[in-house]
Chemist: 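Starting off with a structure, shown below.
Residue numbering restarts at 1 for every chain, and letters A, B, ... go by the order of the sequence lines.
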Number of protein chains: 2
Amino acid sequence: MKKYFDVLRKCRLFREIADEDLIALLGCLGAKVVSFGKKYTIIAEGSPAKYICIMLSGSAQMVRVDYYGNRSIISGIEPSEVFGEAFACAETAEMPVTVIANEPCEVMLIECHRIMHSCSNACGFHQQIIFNLMKNLAVQNLMFHQKLEITACRTTREKLMTYLLLQAKKHGSERFTIPFDRQELADYLEVDRSGLSAEISKLRSEGILTSNRKEFELL
Amino acid sequence: MKKYFDVLRKCRLFREIADEDLIALLGCLGAKVVSFGKKYTIIAEGSPAKYICIMLSGSAQMVRVDYYGNRSIISGIEPSEVFGEAFACAETAEMPVTVIANEPCEVMLIECHRIMHSCSNACGFHQQIIFNLMKNLAVQNLMFHQKLEITACRTTREKLMTYLLLQAKKHGSERFTIPFDRQELADYLEVDRSGLSAEISKLRSEGILTSNRKEFELL
DNA sequence: ATAAGTCTGTTGAAATTTCAACAAAAGGAG
DNA sequence: CTCCTTTTGTTGAAATTTCAACAGACTTAT
């Protein structure tokens with residue numbers, strides 16, 4: 001487990017927990033690590049929501065395909081981020097989304113009930129973990145508000161500009177690289193890919209931005 | 001405070017807390033009750049996010065108006081529901097949304113830091129409250145997933161049907177009354193009101209549903 | 001280096017949404 | 001009951017999105 005310490009230290013779930021306690025804690029929680037190849041399904045829609053997951057290496061996307069066949073990307077998942085916890089904590093019977101590996105991944109799985117019900121060893125970190133989990137869920141809530149701010153826009157241009165402005169703020173710079181290719185960005189913004197490409201060209205010709213593939217600069 | 005007990009017992013925040021402990025707890029948390037008239041602003045966009053709020057009576061809507069003037073309803077808030085907690089717990093500087101009273105309301109306000117930092121009296125319920133808060137945030141997360149499922153749809157018809165099917169499931173019946181008038185439903189689904197009315201008429205003429213104002217029946 | 005496959009940008013036509021304006025229906029106040 | 005206000009439904013035109021098809025740029029594997 002030691003090789004994962006650098007990522008785990010950055011993970012919201014383990015805030016305020018000292019390195020020397022972490023090993024014992026992970027043991028107590030029965031944490032296990034699983035690897036997935038590119039394009040593999042990490043969590044399948046419809047499967048039971050038992051696990052709180054932590055991305056150790058690689059990246060993934062949380063995705064849903066609706067009744068009408070529209071693919072929608074709910075969020076990207078990067079190393080040290082927690083995912084699946086909302087469904088597990090809310091005791092959802094079935095996962096309403098799918099999580100798919102973008103590239104080879106290592107994921108840490110912790111059974112939710114190990115965290116929710118205090119452990120038999122009475123290890124002293126449960127309270128801290130629950131507090132961290134709460135904070136993490138609150139932050140995720142904010143991310144949903146951002147996502148809704150984007151999807152609430154009526155036109156492709158408004159959605160795109162709202163997204164790009166949020167990215168610029170997040171990166172603290174007018175220049176930044178986005179984590180999606182065109183099709184993925186379209187699925188995230190919930191618009192048509194070709195229309196999105198056209199809109200980007202238009203913004204470029206209007207002198208509002210410059211871009212090359214995943215790199216953007218707002219002018 | 002006693003007159004609010006019936007609502008508070010139903011509130012997620014106070015699960016597993018006995019009635020007789022509730023009074024002491026509310027005192028320890030410094031809970032206060034504020035009334036608002038119809039159409040009054042309960043929380044203003046841009047104001048500091050200090051409070052965890054509980055709706056005691058009446059109802060409200062969480063709303064955002066974007067840069068382009070589109071009004072979007074994020075959620076309806078009914079008695080015993082908690083709101084504003086995600087922003088307070090995530091320590092957001094400014095509220096990104098507005099909460100407006102639908103009708104005369106009573107709201108209980110609890111300063112977030114009173115819950116986050118254990119109280120000086122060392123009352124024994126903080127852990128339970130934080131656990132409840134965590135569960136509540138997880139459930140809210142699920143609601144956002146539902147909302148995203150709706151807004152991810154491309155057409156008015158798809159959004160409307162997704163919404164109505166979720167409502168039918170929620171009410172456990174094909175007949176139900178929705179909590180929005182037409183304009184509000186349009187703002188919730190993020191579509192044009194007149195287009196929404198037209199779509200409802202069309203579904204009616206196709207024999208897919210019957211409806212009268214806020215009452216719907218799926219056939 | 002070449003070939004195969006993927007990603008991006010373009011285009012035009014069809015479908016859909018938005019917008020503005022108005023009429024009918026419902027609800028409230030006096 | 002009547003007047004006034006709000007809500008809902010309807011319509012047609014303008015704007016936008018979606019869809020399908022294709023070509024050029026880029027990547028990857030051999």
Chemist: Rounding to an integer number of Å, can you tell me how far Ile178(A) CD1 sits from dT8(C) P?
Modeler: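 In whole Å, dT8(C) P lies 9 Å from Ile178(A) CD1.
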Chemist: Just call it for Ser197(A): base, sugar-phosphate, or nothing, with non-hydrogen atoms closer than 4.0 Å on any strand.
Modeler: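 Base: the residue Ser197(A), judged by heavy atoms under 4.0 Å, touches a nucleobase.
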Chemist: Please determine, for the side chain of Ala198(B), which listed nucleotide (dT17(D), dT11(D), dT17(C)) has the closest atom?
Modeler: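 When the side chain of Ala198(B) is considered, dT11(D) is the closest of dT17(D), dT11(D), dT17(C).
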Chemist: What is the distance, to the nearest angstrom, from the CG atom on Leu185(B) to the P atom on dT8(D)?
Modeler: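 In whole Å, dT8(D) P lies 10 Å from Leu185(B) CG.
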Chemist: To the nearest Å, give me how far apart CG (Leu189(A)) and P (dT16(D)) are.
Modeler: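 In whole Å, dT16(D) P lies 17 Å from Leu189(A) CG.
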Chemist: Write down the atom of Ala186(B), the atom of Asp192(B), and the distance for their closest heavy-atom approach.
Modeler: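 Scanning both residues completely, I find the closest heavy atoms to be CB-C, 4.2 Å.
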Chemist: Minimum heavy-atom separation for Gly195(B) to Thr156(B), with atom names?
Modeler: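 The pair with the smallest heavy-atom distance is O-CG2, 4.3 Å.
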Chemist: For the pair made of CZ in Phe180(A) and P in dC7(C), what is the distance, rounded to whole Å?
Modeler: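 The answer, rounded to whole Å, is 15 Å.
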Chemist: I'd like to compare against my own output: the B/S/- annotation of nucleotides 22-30 of chain C with a strict under-4.0 Å heavy-atom distance to protein.
Modeler: ----S----
Chemist: For Glu149(A), is there an ion pair with Arg64(B) - N to carboxylate O distance below 4.0 angstrom?
Modeler: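 So Arg64(B) pairs with Glu149(A) through a salt bridge.
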Chemist: Would you mind reading off the distance between Phe216(A) atom CZ and dT8(C) atom P, rounded to a whole angstrom?
Modeler: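 Answer to the nearest Å: 9 Å.
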Chemist: Between atom CD in Glu184(B) and atom P in dT7(D), what is the gap in whole Å?
Modeler: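 From Glu184(B) CD to dT7(D) P: 8 Å.
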Chemist: Nearest of dG9(D), dT8(C), dT11(C) to any side-chain atom of Asp181(A)?
Modeler: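 Closest nucleotide to the Asp181(A) side chain: dT8(C).
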Chemist: Quick one: closest heavy-atom pair of Cys89(B) and Cys112(B), and the distance?
Modeler: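 Closest pair (atom of Cys89(B), atom of Cys112(B), distance): N-SG, 3.9 Å.
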Chemist: Which part of the nucleic acid does Ser201(A) contact within heavy-atom distance under 4.0 Å: base, sugar-phosphate only, or nothing?
Modeler: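 Sugar-phosphate: the residue Ser201(A), judged by heavy atoms under 4.0 Å, touches backbone atoms but no base.
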Chemist: So, applying side chain to side chain donor-acceptor pair (under 3.5 Å) with Gln140(A), which one of His145(A), Glu81(A), Glu85(A), Arg12(A) is it?
Modeler: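 Exactly one option meets the side chain to side chain donor-acceptor pair (under 3.5 Å) with Gln140(A), and it is Glu85(A).
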Chemist: Choosing from dG9(D), dT11(D), dC19(D), which nucleotide comes nearest the side chain of Asp192(A)?
Modeler: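 From the listed options, dC19(D) comes nearest.
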Chemist: In terms of side-chain heavy atoms of Arg154(B), which of dT18(D), dT8(C), dA20(C) is nearest?
Modeler: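 For Arg154(B), the side-chain atoms sit closest to dT18(D).
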Chemist: How many angstroms lie between CG in Leu109(B) and CG in Leu56(B), if you round to the nearest 0.5 Å?
Modeler: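 Between Leu109(B) CG and Leu56(B) CG, I get 9.0 Å after rounding to 0.5 Å.
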Chemist: Between the axis at one end of the helix from dA1(C)-dT30(D) to dG30(C)-dC1(D) and the axis at the other (five pairs apiece), what's the angle to 10 degrees?
Modeler: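 Angle reported: 60°, given to the nearest ten degrees.
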Chemist: Taking CG from Leu203(B) and C1' from dT16(C), how many angstroms apart are they, rounded to a whole number?
Modeler: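 After rounding, the gap between these two atoms is 15 Å.
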Chemist: With Lys147(B) as the cation and Tyr188(B) as the aromatic partner, state whether NZ or CZ is under 6.0 Å from the six-membered ring centre and within 45° of the axis.
Modeler: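 Positive - Lys147(B) is close enough to the ring of Tyr188(B) and near enough to its axis.
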Chemist: What are the two closest heavy atoms between Ile110(B) and Ala31(B), and how far apart are they?
Modeler: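 Result for this residue pair: CG1-CB, 3.9 Å.
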Chemist: Distance check needed: dT16(D) C1' versus Tyr68(B) OH, whole Å only.
Modeler: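 So the OH-C1' distance, Tyr68(B) to dT16(D), works out to 15 Å.
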Chemist: Looking at the side chain of Ser194(B), which of dT10(D), dA20(D), dT16(C) is the nearest nucleotide?
Modeler: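 Within the option list, the nearest is dT10(D).
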Chemist: What residues, two or more places apart in sequence or in another chain, satisfy side chain to side chain contact (heavy atoms under 4.5 Å, CB included) together with Ala86(B)?
Modeler: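 Testing Ala86(B) for side chain to side chain contact (heavy atoms under 4.5 Å, CB included), a comparison that skips the adjacent residues, returns Asn141(A), Leu137(B).
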